[in-house]
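Quick caveat: nothing in here was measured; it's all calculated off a predicted structure.
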Amino acid sequence: MVMISPSIISANLMELGKAAKEAEEAGADMLHVDVMDGCFVPNITIGPAFVKALKSVTNLPLDVHLMIREPEKYVEAFAKAGAAYITVHVEATTHLHKTVQMIKDAGAKAGVTLNPATSIATLEEIIPFVDMVLVMSVNPGFSGQKFIPTSARKVAAVKQMMRERGYDVPIEVDGGINPEKAREVVRVGAEVLVSGSWLFRHPRGLKAGVEELRTAAISAKAMFV
Ligand code: DX5
Ligand code: ZN
């Protein structure tokens, strides 16, 4: 099954609680929470207190994407706040294995993510320890950017690497996802789709957007072997 993880900060910032409930009613599988520090990426968003507040209004698993330097300083706080998945950038932490271990020890599932220009070779040693791999299909920092066309090839390469080594954790794709791009990445093995601006700006509403994305994903999944 392909999971859909709407990126909550693309919703109306004055009504995030309402947007979380809408996402749940729309049939989303997780809620993607983008945490930015103004240092690793050129933008600032929210912290653990927001995750805790979100947790109190939704039953959806919280898929927390840390775009921050030295994430090891904060993983425990995000786990305590209720994150189901905590994903860190391989470029942002010196001791990646230790950081992944800290996430798991804190009771959350651990994801690792790569910026568009980061080679998949950086995954080789960490893949046995992670619960999810996130392939960034835009440079992190802002929603509403264009999907980088080589991202589907990268997803295919990560899938191939996992197959060769006998691992099978979900590949998530984040940035510029719409039904067309969803088909491109699901066809080659993606299983979790993040979508921000496309979903929250859908002319017929979030539910229609989730359904459209899911239909696209299901048709592409049927082509994946
Ligand atoms: C980018 C974030 C994404 C982004 C998704 O820095 O990690 O999650 O908000 O938004 P769209 O789907 O608009 O690219
Ligand atoms: Zn994200």
May I ask you to test the [X]-[Y] pair for a side-chain heavy-atom distance under 4.5 Å?
X	Y	result
K80	P48	no
L199	L206	yes
E211	R214	no
E124	R165	yes

Would one find more than 12 heavy atoms of other residues, nucleotides or ligands at under 6.0 Å from atom [atom1] of [X]?
X	atom1	result
M14	CE	no
E91	CD	yes
K221	NZ	yes
F147	CZ	yes

What's the spacing between [X] [atom1] and [Y] [atom2] if we round to 0.5 Å?
X	Y	atom1	atom2	answer
T58	E22	OG1	CD	12.0 Å
K154	T118	NZ	OG1	5.5 Å
Q101	H95	CD	NE2	14.5 Å
M30	I8	CE	CD1	13.5 Å
I9	L31	CD1	CG	12.0 Å
L123	L114	CG	CG	4.5 Å

Subject >> Any donor-acceptor N or O pair under 3.5 Å, side chains D34, S7 >> reply: yes
Subject >> Distance-only side-chain donor-acceptor flag, H65 / D63, under 3.5 Å >> reply: no
Subject >> Test side-chain contact (heavy atoms from CB on, under 4.5 Å) applied to Y85 and E172, step by step >> reply: CA-CA 12 Å; Y85 280 90; E172 179 174 44; over 6 Å; no
Show me, pair by pair, the donor-acceptor contacts under 3.5 angstrom made by side chains of residues 125-143, not counting sequence neighbours?
unit_1 : atom_1 : unit_2 : atom_2 : d
D131   : OD2    : A110   : N      : 2.8
S137   : OG     : D174   : O      : 3.0
S137   : OG     : G175   : N      : 3.4
S137   : OG     : G175   : O      : 2.7

Do you know the tightest heavy-atom contact between [X] and [Y]?
X	Y	value
L193	A182	CD1-CB, 3.7 Å
S5	V192	CB-CG1, 4.2 Å
P71	L66	CB-CD1, 4.0 Å
V35	I46	CG1-O, 3.2 Å
V64	A83	CG2-CB, 3.5 Å
A190	V173	CB-CG2, 3.7 Å

Original post:
Which ring-ring contact (aromatic ring centres under 6.0 Å, His included) pairs, counting each pair once, include a residue from residues 179-201, with sequence neighbours left out?
Top reply: W198-H202
In the single-linkage hydrophobic clustering (I, L, V, M, F, W, Y; side-chain heavy atoms under 4.5 Å), do [X] and [Y] co-cluster?
X	Y	value
M162	F224	no
V41	V194	no
L96	I120	yes
F78	L54	yes
M3	V155	no

Subject >> Residue pair I171, V188: steps toward the side-chain contact (heavy atoms from CB on, under 4.5 Å) verdict >> reply: CA-CA 10 Å; I171 300 176; V188 292; over 6 Å; no
Original post:
Got a sec, which residues hit ring-ring contact (aromatic ring centres under 6.0 Å, His included) with F40, two or more places apart in sequence or on another chain?
Top reply: H89
Original post:
Looking only at atom types and distance, does a side-chain atom of T45 sit under 3.5 Å from a main-chain N or O of M36, one as donor and one as acceptor?
Top reply: yes
Subject >> Salt-bridge present (E24, K21; N to O < 4.0 Å) >> reply: no
